[in-house]
Amino acid sequence: MNLNISGHHLELTPALREYLVEKLERVRRHFDHVIDVDVFLSVEKLRQRAEISLHMRGKKVFVEAIHENLYAAIDLLVDKLDRQVCKHKEKVQDHAHESMKYSLPAV
């Protein structure tokens, strides 16, 4: 998994990078076919924005979260991303299961 983290009006500290990597492990634990992850963190006046673009085999997922605290925005972001990845994983597994069922010859 290639991880690219960038910030806008923000200094990426090692603690922030480690926190983000730790949170993304949850997504990787649920679905390990992730190719690239691009994270964009930005700070505006009173709100913190976290965006992620996750490239999987056959699908690209984009998630955005805005909060007053950057760590809370990252938590919201990972929760949303985890739900989308689990949903994609279920679709992939269900689709593979159905194709096997229809490929059997009728008796």
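Quick note: residue numbers are just sequence positions, from 1.
- The distance from atom CD of Glu22 to atom CD1 of Ile74, rounded to the nearest 0.5 Å, is 11.0 Å.
- Residues satisfying the side-chain hydrogen bond (donor to acceptor under 3.5 Å, both in side chains) test with Tyr19, not counting sequence neighbours, are Asp75.
- Leu81 and Ile66 fall into different hydrophobic clusters, where Ile, Leu, Val, Met, Phe, Trp and Tyr residues are linked whenever their side-chain heavy atoms come under 4.5 Å apart, directly or through other members.
- Linking Ile, Leu, Val, Met, Phe, Trp and Tyr residues whenever their side-chain heavy atoms come within less than 4.5 Å leaves Val85 and Ile35 in two separate clusters.
- A salt bridge is absent between Asp82 and Lys87: the closest approach of a Lys/Arg side-chain nitrogen to an acidic carboxylate oxygen does not fall below 4.0 angstrom.
- For the pair Ala72 and His67, the tightest heavy-atom approach, listed with the atom from each and the gap, is CB-ND1, 3.4 Å.
- With sequence neighbours excluded, the residues that form a salt bridge (Lys or Arg N to Asp or Glu O under 4.0 Å) with Arg28 are Glu25.
- Considering only residues two or more places apart in sequence or on other chains, Glu68 meets the side-chain hydrogen bond (donor to acceptor under 3.5 Å, both in side chains) condition with none of them.
- Not counting sequence neighbours, Asp36 has no partner by the salt bridge (Lys or Arg N to Asp or Glu O under 4.0 Å) test.
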Q. Would Glu51 and Val39 count as a side-chain contact (heavy atoms from CB on, under 4.5 Å) if you check the C-alpha gap in whole Å, the side-chain angles of each, and the deciding distance to 0.1 Å?
A. CA-CA 6 Å; Glu51 300 175 359; Val39 181; over 6 Å; no
Quiz prompt | Worked check of side-chain contact (heavy atoms from CB on, under 4.5 Å) between Val78 and Arg83 | solution = CA-CA 9 Å; Val78 172; Arg83 283 193 300 268; over 6 Å; no
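- When the side-chain hydrogen bond (donor to acceptor under 3.5 Å, both in side chains) test is applied to Arg47, the partners found at least two apart in sequence or on another chain are Glu44.
- Hydrophobic clustering places Leu3 together with Leu20 (ILVMFWY residues linked when any side-chain heavy atoms are closer than 4.5 Å, directly or through intermediates).
- Residues Gln84 and Val63 come closest through the heavy atom pair OE1-CG2, 3.9 Å.
- Listed by first and then second residue, the side-chain hydrogen bond (donor to acceptor under 3.5 Å, both in side chains) pairs involving residues 6-16 amount to none (not counting sequence neighbours).
- The side chain to side chain contact (heavy atoms under 4.5 Å, CB included) search around Leu10 returns Leu12, Leu16, Leu41, Val43, Leu70, not counting sequence neighbours.
- By the side chain to side chain contact (heavy atoms under 4.5 Å, CB included) test, Lys89 pairs with Phe31, Gln93, sequence neighbours left out.
- Taking hydrophobic clusters as Ile, Leu, Val, Met, Phe, Trp and Tyr residues chained together by side-chain heavy-atom distances below 4.5 Å, Ile52 shares a cluster with Val61.
- Smallest separation of non-hydrogen atoms from Leu77 and Ala50: CD1-O, 3.4 Å.
- Pairs engaging residues 53-64 under the salt bridge (Lys or Arg N to Asp or Glu O under 4.0 Å) rule: Arg49-Glu64 [sequence neighbours left out].
- In this structure Asn4 satisfies the side-chain hydrogen bond (donor to acceptor under 3.5 Å, both in side chains) test together with Asp38, sequence neighbours excluded.
- At a threshold of 4.5 Å between side-chain heavy atoms, the hydrophobic network of Ile, Leu, Val, Met, Phe, Trp and Tyr places Phe62 and Leu76 in two separate groups.
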